[in-house]
A.B. asks: 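This structure is in structure tokens; I'll ask about it shortly.
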Protein chains: 2
Amino acid sequence: MAVTILVVEDEPAIQELIALNLKRAGHMVLCADSAQQAKSLINNVLPDLVLLDWMLPDLTGIEFARKLRQEERTKSIPIIMLTARIQENDKIAGLEAGADDYITKPFSPRELIARIKAVLRRRLPEMSDEIIELGGLRLDPTTHRVHVNNDVDPLKTAEVNLGPTEFRLLHYLMAYKERVHTRGQLLDRVWGDHVFIEDRTVDVHIRRLRKILESVGKENLVQTVRGTGYRFSVECSEESIG
Amino acid sequence: MAVTILVVEDEPAIQELIALNLKRAGHMVLCADSAQQAKSLINNVLPDLVLLDWMLPDLTGIEFARKLRQEERTKSIPIIMLTARIQENDKIAGLEAGADDYITKPFSPRELIARIKAVLRRRLPEMSDEIIELGGLRLDPTTHRVHVNNDVDPLKTAEVNLGPTEFRLLHYLMAYKERVHTRGQLLDRVWGDHVFIEDRTVDVHIRRLRKILESVGKENLVQTVRGTGYRFSVECSEESIG
DNA sequence: ACAAATCATTACATTTTTATGACAAAAGTA
DNA sequence: TACTTTTGTCATAAAAATGTAATGATTTGT
């Protein structure tokens with residue numbers, strides 16, 4: 001589906017150039033000359049990404065970014081900063097305000113598009129509401145329930161009780177089964193992009209998930225891939241000893 | 001078949017953005033800056049759906065919607081209102097005028113498209129007047145009564161006394177059983193869209209509902225799903241492993 | 001075998017979320 | 001009007017979940 005991008009840039013020529021390129025890349029574009037105008041636009045439409053010129057005439061770029069990060073509705077919208085030259089101060093301020101990426105002017109349109117793609121890729125995947133049935137587990141997002149198929153009596157299923165994070169983690173792992181995820185990827189996609197949490201914390205949640213799954217006789221579904229991360233797999237990667 | 005959508009919105013940027021999104025989604029789009037203009041457009045072409053900004057400059061949005069509902073030719077056209085979060089009276093007026101759905105600004109274009117789809121498919125089976133019998137409860141919307149089946153003597157049923165809000169809440173939960181609803185969804189669906197009520201208030205009403213149900217021996221029907229919301233369920237989520 | 005790196009596990013303090021009772025405003029009734 | 005019911009909010013208690021650090025186990029490379 002179309003991605004809506006808000007461009008906040010006071011220089012008309014640059015604004016137009018950017019807008020043109022974004023449109024050509026298949027995006028919907030909203031333009032604002034100032035933070036002021038950007039705010040009023042955001043009052044009406046929620047963009048999927050904001051391209052923000054840091055050197056706005058009224059110098060309210062930082063404030064604008066911060067405002068976006070504060071409000072519940074907008075706090076997860078990725079922000080890419082456009083700066084003339086990265087001054088140390090800008091960088092710090094930008095980080096504090098929660099920018100996701102920087103682009104230094106002048107930049108090539110191709111670079112811009114590439115960065116945008118990269119940032120958008122990091123968004124939380126919109127997990128569908130489809131029931132996932134895998135490895136003897138059945139996860140239903142709409143009822144928020146996980147059941148284990150009883151191997152003896154297929155009609156009987158036991159419910160598995162998971163905490164919110166364990167549920168999301170399992171959902172994600174099952175949705176992207178058989179694929180290894182680094183701790184960083186899991187943090188980005190299960191916890192959310194703008195969280196600062198120790199990588200090791202993922203271990204603990206994996207542990208909790210495993211513990212619960214073990215208690216219902218599902219042992220080897222969540223596997224460790226040493227040096228990389230974790231994986232949900234139905235294939236048994238154990239007794240492959242030669 | 002192409003669906004024709006009339007967009008009534010005075011802000012040019014937003015109008016254009018919406019129009020572009022709709023076009024991209026494969027719809028025919030008609031645009032109007034004012035209720036005035038919309039009326040004359042409708043005289044020529046009959047749209048399949050109307051997107052109506054409630055805050056038109058001439059403040060004739062309400063009147064416009066009402067007019068649509070009055071005239072035979074247009075009275076069954078679904079109306080989606082675009083509203084700012086603040087105006088509370090709008091809700092009443094909107095309901096009276098017969099809007100089918102609301103979208104509160106700021107909204108994401110994705111959300112907009114999704115809602116349009118939903119309305120067009122007549123997705124939401126408006127709460128019917130059918131009697132719902134579930135988990136030992138019998139709820140009759142027409143008589144506005146709830147009965148509990150007596151487990152001992154099936155012929156005897158006790159009546160449960162619920163307040164208006166509790167009744168609607170239970171009705172909704174039973175109509176969409178087994179599914180988790182966030183507090184926001186419940187506020188939208190049971191209280192009405194964009195009402196200014198604290199999320200936590202839902203807790204209190206759930207509490208009241210539970211209290212009443214407990215008093216007639218129905219304990220685990222209304223369940224908490226931590227981190228998400230509530231659910232009406234016949235399956236017991238208790239004796240679960242884990 | 002040894003040291004380094006990586007992962008597992010446990011315990012615990014903190015934070016977040018939910019439950020519950022009380023209260024006053026609002027709405028409805030007599 | 002006086003009285004009852006309903007309803008939204010708050011304060012606080014209770015419960016659950018979460019992140020981190022510390023420690024132990026396992027693997028890996030040399």
Side-chain angles (χ1 to χ4, degrees), chain A residues 72 75 144 146 160-172 180-188 190-192 194-215 219-231 237-242, chain B residues 88-89 91-92 144 146 160-172 180-188 190-192 194-215 219-231 237-238 240 242:
Chain A
E72 187 60 35
K75 79 175 179 194
H144 219 267
V146 178
V160 188
N161 245 335
L162 299 169
T165 304
E166 278 83 47
F167 186 88
R168 266 177 297 147
L169 181 57
L170 180 61
H171 189 183
Y172 179 78
V180 195
H181 310 274
T182 66
R183 293 176 176 74
Q185 284 167 345
L186 289 174
L187 283 178
D188 280 355
V190 176
W191 273 258
H194 303 122
V195 289
F196 177 63
I197 293 179
E198 296 291 321
D199 271 17
R200 289 290 140 216
T201 298
V202 175
D203 296 25
V204 178
H205 281 274
I206 289 283
R207 159 76 180 125
R208 286 168 182 157
L209 183 52
R210 276 177 175 160
K211 203 173 193 174
I212 294 170
L213 291 181
E214 276 169 21
S215 76
E219 332 245 278
N220 284 69
L221 292 174
V222 179
Q223 301 169 357
T224 303
V225 178
R226 203 155 229 274
T228 308
Y230 299 96
R231 168 180 63 192
S237 77
E238 288 308 289
E239 42 271 276
S240 52
I241 317 165
Chain B
E88 229 170 302
N89 294 335
K91 176 197 153 203
I92 299 159
H144 221 263
V146 178
V160 189
N161 242 340
L162 298 170
T165 305
E166 277 82 48
F167 183 86
R168 266 176 298 147
L169 181 57
L170 181 61
H171 187 185
Y172 179 77
V180 193
H181 310 274
T182 66
R183 293 178 176 75
Q185 286 167 344
L186 289 174
L187 284 176
D188 281 355
V190 177
W191 273 257
H194 79 328
V195 199
F196 250 158
I197 293 180
E198 295 291 319
D199 270 17
R200 288 291 140 214
T201 297
V202 175
D203 296 25
V204 179
H205 282 273
I206 288 283
R207 160 78 179 124
R208 286 167 182 158
L209 183 52
R210 275 177 176 160
K211 207 171 192 175
I212 295 170
L213 291 181
E214 275 170 23
S215 76
E219 331 244 280
N220 282 71
L221 292 175
V222 179
Q223 302 170 357
T224 302
V225 178
R226 216 154 221 276
T228 307
Y230 298 96
R231 167 179 65 193
S237 78
E238 290 311 290
S240 49

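Proteins get letters first, then strands, A, B, ... in listed order; numbering begins at 1 in each. Here the structure is a predicted model, which is why all the values come from computation and not from measurement. Heavy atoms only: backbone and side chains are in, while hydrogens, waters and symmetry mates are out.
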A.B. asks: Testing Leu169(A), Val160(A), Thr165(A) for side-chain contact (heavy atoms from CB on, under 4.5 Å) with Leu209(A), which one passes?
C.D. replies: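 Single pass found, and it is Leu169(A).
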A.B. asks: Is any side-chain heavy atom of Arg183(B) closer than 4.5 Å to a side-chain heavy atom of Glu198(B)?
C.D. replies: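 Counting from C-beta outward, Arg183(B) and Glu198(B) never come under 4.5 Å.
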A.B. asks: Could you state the CZ-P distance from Arg208(B) to dA22(C), rounded to the nearest angstrom?
C.D. replies: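 Computing the Arg208(B):CZ to dA22(C):P distance gives 12 Å.
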A.B. asks: Let me confirm one number: the CZ-OG1 distance from Arg226(B) to Thr228(B), rounded to the nearest 0.5 Å.
C.D. replies: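 That separation rounds to 11.0 Å.
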A.B. asks: Report the distance from atom CZ of Arg207(B) to atom P of dA19(C), rounded to the nearest whole Å.
C.D. replies: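 Rounded to the whole Å, the gap is 10 Å.
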A.B. asks: dA8(C), OP1 or OP2 - any side-chain N/O from Lys211(A) closer than 4.0 Å?
C.D. replies: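 No.
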A.B. asks: Hey, does the side chain of Arg231(B) reach the backbone of Val225(B) with a donor-acceptor pair shorter than 3.5 angstrom?
C.D. replies: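 Answer holds: no.
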A.B. asks: Give the rounded distance in Å between these two atoms: CD1 of Ile206(B) and C1' of dT18(C).
C.D. replies: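 Distance, rounded to whole Å: 12 Å.
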A.B. asks: Nearest to the side chain of Tyr230(A), which nucleotide is it out of dA19(C), dA8(C), dT10(C)?
C.D. replies: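 Per side-chain heavy atoms of Tyr230(A), the pick is dA8(C).
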A.B. asks: Using only atom types and a distance under 3.5 Å, with no angle test, would you say the side chain of Arg168(A) pairs donor to acceptor with the backbone of Val190(A)?
C.D. replies: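 Judged by distance alone, yes, a pair lies under 3.5 Å.
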A.B. asks: First and last nucleotide of DNA chain D touching chain A, 5' to 3', heavy-atom cut-off 4.0 Å?
C.D. replies: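 Span of nucleotides near chain A: dA17(D) to dT27(D).
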A.B. asks: I need the CG-P distance between Asn220(A) and dA8(C), as an integer number of Å.
C.D. replies: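 Value for this atom pair: 12 Å.
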A.B. asks: Would you kindly give the CD-to-P distance between Glu214(A) and dA8(C), to the nearest whole Å?
C.D. replies: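 Computing the Glu214(A):CD to dA8(C):P distance gives 11 Å.
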A.B. asks: Between Gly163(B) and Ile197(A), which residue's closest nucleotide on DNA chain D lies nearer the 5′ terminus?
C.D. replies: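 The answer here is Gly163(B).
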A.B. asks: Counting C-beta onward and ignoring hydrogens, is there a side-chain heavy-atom pair between Tyr230(A) and Thr224(A) closer than 4.5 Å?
C.D. replies: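 SC-SC contact between Tyr230(A) and Thr224(A) confirmed.
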A.B. asks: Looking at side-chain heavy atoms only, is the closest gap between Arg208(A) and Lys211(A) below 4.5 Å?
C.D. replies: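 SC-SC contact between Arg208(A) and Lys211(A) ruled out.
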A.B. asks: Rounded to whole angstroms, how far apart are CZ on Arg200(B) and C1' on dT16(C)?
C.D. replies: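 Taking CZ of Arg200(B) and C1' of dT16(C), I get 10 Å after rounding.
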A.B. asks: 5'-most contact on DNA chain D: Leu162(B) or Thr201(B), nearest heavy atom basis?
C.D. replies: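 This one resolves to Leu162(B).
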A.B. asks: If you apply the rule side-chain contact (heavy atoms from CB on, under 4.5 Å), what do you find for Glu166(A) with Leu170(A), and how did you get there?
C.D. replies: CA-CA 6 Å; Glu166(A) 278 83 47; Leu170(A) 180 61; over 6 Å; no
A.B. asks: Could you check Arg226(A) against Val204(A) and say which one's nearest nucleotide on DNA chain C is further toward the 5' end?
C.D. replies: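 Here Arg226(A) is the residue nearer the 5' end.
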A.B. asks: Calculate the interatomic distance between Asp203(B) atom CG and dT16(C) atom P; express it in whole Å.
C.D. replies: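 Going from Asp203(B) (CG) to dT16(C) (P), I get 17 Å.
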A.B. asks: The test is side-chain contact (heavy atoms from CB on, under 4.5 Å); show your working for Trp191(B) and His205(B) and say whether it passes.
C.D. replies: CA-CA 11 Å; Trp191(B) 273 257; His205(B) 282 273; 3.5 Å; yes
A.B. asks: Please round to 10 degrees the angle between the axis of the first five pairs and the axis of the last five pairs in the helix from dA1(C)-dT30(D) to dA30(C)-dT1(D).
C.D. replies: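 Here the local axes at opposite ends form an angle of 30°.
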A.B. asks: Please state how far atom CD1 in Ile212(A) lies from atom P in dT9(C), giving the value in whole angstrom units.
C.D. replies: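 Rounded to whole Å, this separation is 14 Å.
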A.B. asks: For Thr165(A), answer base if it contacts any base atom (sugar-phosphate contacts may also be present), sugar-phosphate if it contacts only those atoms, and nothing otherwise; contact means non-hydrogen atoms under 4.0 Å.
C.D. replies: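 Since only primed, P, OP1 and OP2 atoms lie under 4.0 Å of Thr165(A), the category is sugar-phosphate.
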A.B. asks: Is the phosphate of dT6(C) approached by Thr224(A) (side-chain N or O, under 4.0 Å from OP1 or OP2)?
C.D. replies: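 No, outside the criterion.
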A.B. asks: With a 4.0 Å cut-off on heavy atoms, is Arg210(A) in touch with a base, just the backbone sugar-phosphate, or nothing at all?
C.D. replies: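 The residue Arg210(A) makes sugar-phosphate contact but no base contact.
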A.B. asks: Any side-chain heavy atom of Asp199(A) sitting closer than 4.5 Å to one from Leu187(A)?
C.D. replies: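 Side-chain contact under 4.5 Å: yes.
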